[in-house]
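Below: the structure, in structure tokens.
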Amino acid sequence: MANPRSRRVDARRDPTRMANQPALRSSDGTIWIVVAGLFALICLVPLSLLTVFDPRDSAAVAWVTAVLVIALYVALLATRWAVNARERRLRIMAGLMIAMAAVALIGLLTCAAIEWSAVPVAS
């Protein structure tokens with residue numbers, strides 16, 4: 001029977017594992033900052049259209065979603081310089097990026113549902 005510790009070492013060396021990608025193992029975190037920043041900008045375009053430029057019924061949800069996306073991005077930036085352990089820092093940054101995507105998706109779908117419910121139905 002193999003030693004559990006040796007199995008963990010073998011698993012870390014396996015190049016086919018998802019956790020062995022460079023963005024989670026050897027990056028300094030800059031890639032996560034750039035990608036998350038671009039993602040936040042892309043998400044803020046439709047949210048700003050619903051809030052600032054053409055306020056709609058879903059403006060409150062759009063504001064909350066925008067604030068949460070920005071807060072998660074700020075947390076990602078803070079993690080880059082606050083966490084010293086490389087692998088732990090990269091995993092936290094990846095988790096924050098996933099949280100940004102989930103919040104943006106849920107917020108935009110909720111805004112779409114609110115706007116869709118305001119469309120008059122022809123009878």
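These values consider heavy atoms only, across backbone and side chains, with no hydrogens, waters or symmetry-generated copies.
Looking at Glu115, its side chain never comes within 3.5 Å of a backbone N or O of Arg56 through a donor-acceptor pair. Side-chain N or O atoms of Tyr73 include one that pairs as donor or acceptor with a backbone N or O of Ile33 at under 3.5 Å. Under a 3.5 Å cut-off, the side chain of Arg89 and the backbone N or O of Val83 do form a donor-acceptor pair.
Hydrophobic clustering of Ile, Leu, Val, Met, Phe, Trp and Tyr side chains at less than 4.5 Å, counting indirect connections, unites Leu72 with Leu77. Hydrophobic clustering places Met100 together with Ile31 (ILVMFWY residues linked when any side-chain heavy atoms are closer than 4.5 Å, directly or through intermediates). Cluster annotation: Ile70 is not connected to Trp32 through the hydrophobic network of ILVMFWY side chains, with a link wherever side-chain heavy atoms come within less than 4.5 Å. Under the 4.5 Å side-chain heavy-atom criterion for grouping Ile, Leu, Val, Met, Phe, Trp and Tyr, Ile106 is not connected to Val64 through any hydrophobic cluster.
In this structure, Cys43 SG and Leu68 CG are separated by 12.0 Å, a value rounded to the nearest 0.5 Å. If you take CG on Leu76 and CZ on Phe39, they are separated by 12.0 Å, rounding to the nearest 0.5 Å. One finds the CZ atom of Arg91 at 6.0 Å from the CD atom of Glu87 (value rounded to the nearest 0.5 Å). Distance check, rounded to the nearest 0.5 Å: CZ of Arg88 to OG1 of Thr79 gives 9.5 Å. Between Cys111 atom SG and Leu49 atom CG the span is 11.5 Å, to the nearest 0.5 Å. Note that the OG1 atom of Thr51 and the CG atom of Leu47 stand 7.0 Å from one another [nearest 0.5 Å].
Contact check for Ser58 versus Thr110: no side-chain heavy atoms found under the 4.5 Å cut-off.
Residues Gly107 and Val61 come closest through the heavy atom pair O-CG1, 4.0 Å.
Around atom CH2 of Trp81, more than 12 heavy atoms belonging to other residues, nucleotides or ligands sit under 6.0 Å away.
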